[in-house]
Amino acid sequence: MSPEPADRNPAARIDLERPSVARVYDFMLGGTTNWAVDREFGEQVLARFPLFRDIAIANRLFLNRVVRHLMRRGVRQFLDIGAGVPTAGNTHQVADEFAVEAGFEPDARVVYVDNEPVAVAHAELLLDREGDARRQAMIDGDLREPDRVWRDALDTELLDPAKPIALLLLAVLHVAQPGPDGTDIGPESVARFRELLAPGSYLAISHATYEGLPPELDDKVAGLKTQYDSAASNNVVQRGHADIEAMLGDFRPIEPGWTWTPAWRPEETGPTARTVEFATPAHSIIWAGVGEKL
């Protein structure tokens with residue numbers, strides 16, 4: 001999600017002069033909702049860090065596994081914040097695929113949230129063309145405004161706040177979320193969302209880290225931050241494992257606990273998911289976990 005202050009006019013926030021995190025991520029995943037500026041920046045990143053495309057795919061695979069596992073646990077409501085540009089393997093697509101496999105009518109309800117105007121516009125187009133308005137919606141919202149996002153999500157009438165909701169915050173919290181004084185308020189916003197969720201809800205987080213990486217990646221990850229901070233419209237926040245894990249608060253981590261994205265329940269991988277392999281799980285550089293509100 002973009003770090004600029006929220007603006008209710010999406011067109012006013014479109015910036016095609018600088019690469020966008022959401023659009024570059026779409027490029028890495030092989031999507032088409034990106035511009036020359038995004039592709040040029042993406043190619044520069046890959047020239048210095050060829051593994052980055054596989055890292056993005058592994059994060060998408062984590063989404064696939066989380067949604068399938070939580071569906072297996074009976075969750076039927078998902079709030080996907082920082083969903084980005086719609087690409088293959090969206091939350092509702094994974095949930096519906098799981099339902100068909102399991103032999104029941106697709107019934108999961110998903111509300112997507114982003115404040116990158118291109119992501120919002122294309123998600124709306126995708127849902128209009130291929131989605132089900134009775135079960136899926138996209139809203140223009142900012143992670144830094146949890147109460148407003150919550151209100152707008154409930155206004156879709158797709159989510160029942162009294163029942164468990166899976167809140168997905170995947171690869172969004174390592175994008176700077178500056179408050180009025182410029183300090184990052186991402187963790188503060190996450191804490192408020194934890195308060196709003198009903199017991200039995202889940203919170204899934206994936207976050208790039210500098211800790212525990214293979215030594216040969218240390219300089220590359222540091223260089224990646226420099227590239228994004230100097231050229232992209234979104235700065236990168238680096239956190240160690242403890243600071244990332246703290247964002248689950250008192251939610252109980254479910255098995256296998258905190259781990260690298262490739263190591264989180266690989267048995268849940270869907271039959272159509274795009275997979276990648278790493279020399280070690282730590283080469284994915286993304287620390288991930290899911291917690292349950294008791």
Side-chain angles (χ1 to χ4, degrees), residues 25 51-52 54-73 75 78-83 91 94 143 164-177 184-195 197 199-215 217-218 220-222 224-225 236-270 273 275-294:
Y25 185 55
L51 196 62
F52 192 70
D54 286 352
I55 289 168
I57 295 170
N59 184 75
R60 194 68 168 181
L61 187 56
F62 175 64
L63 166 69
N64 179 279
R65 294 165 174 169
V66 167
V67 172
R68 290 174 62 86
H69 183 67
L70 295 185
M71 286 284 290
R72 197 179 305 280
R73 284 177 171 244
V75 175
F78 296 86
L79 180 58
D80 189 344
I81 299 181
T91 298
V94 176
L143 172 61
I165 293 173
L167 173 60
L168 309 180
L169 295 173
L170 307 187
V172 62
L173 291 165
H174 54 237
V175 179
Q177 306 291 331
D184 187 273
I185 61 172
E188 177 183 326
S189 296
V190 177
R192 177 58 180 152
F193 278 113
R194 292 198 308 265
E195 294 175 353
L197 291 167
S201 294
Y202 294 86
L203 171 58
I205 293 174
S206 67
H207 193 302
T209 183
Y210 61 83
E211 184 178 353
L213 303 178
L217 294 189
D218 287 340
K220 292 186 180 297
V221 170
L224 182 66
K225 173 175 169 53
V236 172
V237 178
Q238 292 187 321
R239 291 187 173 95
H241 293 181
D243 287 339
I244 298 170
E245 294 171 12
M247 286 190 275
L248 275 191
D250 60 357
F251 281 33
R252 181 181 66 186
I254 65 175
E255 291 295 331
W258 286 93
T259 186
W260 304 103
T261 49
W264 201 90
R265 293 189 173 271
E267 74 280 1
E268 288 286 13
T269 305
T275 61
V276 291
E277 294 184 4
F278 295 91
T280 71
H283 281 77
S284 69
I285 80 168
I286 306 287
W287 198 236
V290 181
E292 178 182 10
K293 185 170 185 176
L294 302 179

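What you are looking at is a predicted structure, and each value in this text was computed from that prediction instead of being measured.
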Checking [X] side chain against [Y] main chain: does a donor-acceptor pair fall under 3.5 Å?
X    : Y    : value
T261 : F62  : no
H174 : A208 : yes
R239 : I244 : no
Q238 : V236 : no
R194 : K293 : no
S206 : L170 : no
H241 : W287 : no
R65  : P262 : yes

How about W264 and L61: do any of their side-chain heavy atoms sit closer than 4.5 Å?
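No, their side chains stay 4.5 Å or more apart.
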Within a radius of less than 6.0 Å around CD of E277, do more than 12 heavy atoms belonging to other residues, nucleotides or ligands occur?
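Result for CD/E277: open.
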Taking side chain to side chain contact (heavy atoms under 4.5 Å, CB included) as the criterion, tell me which of L169, V290, L168 meets it with L203.
L169
Kindly compute the distance separating [atom1] ([X]) from [atom2] ([Y]), expressed to the nearest 0.5 Å.
X    : Y    : atom1 : atom2 : value
M71  : E268 : CE    : CD    : 11.5 Å
F52  : I57  : CZ    : CD1   : 11.0 Å
L70  : E292 : CG    : CD    : 9.5 Å
D184 : L173 : CG    : CG    : 8.0 Å
Y202 : I254 : OH    : CD1   : 6.0 Å
L224 : L51  : CG    : CG    : 11.0 Å

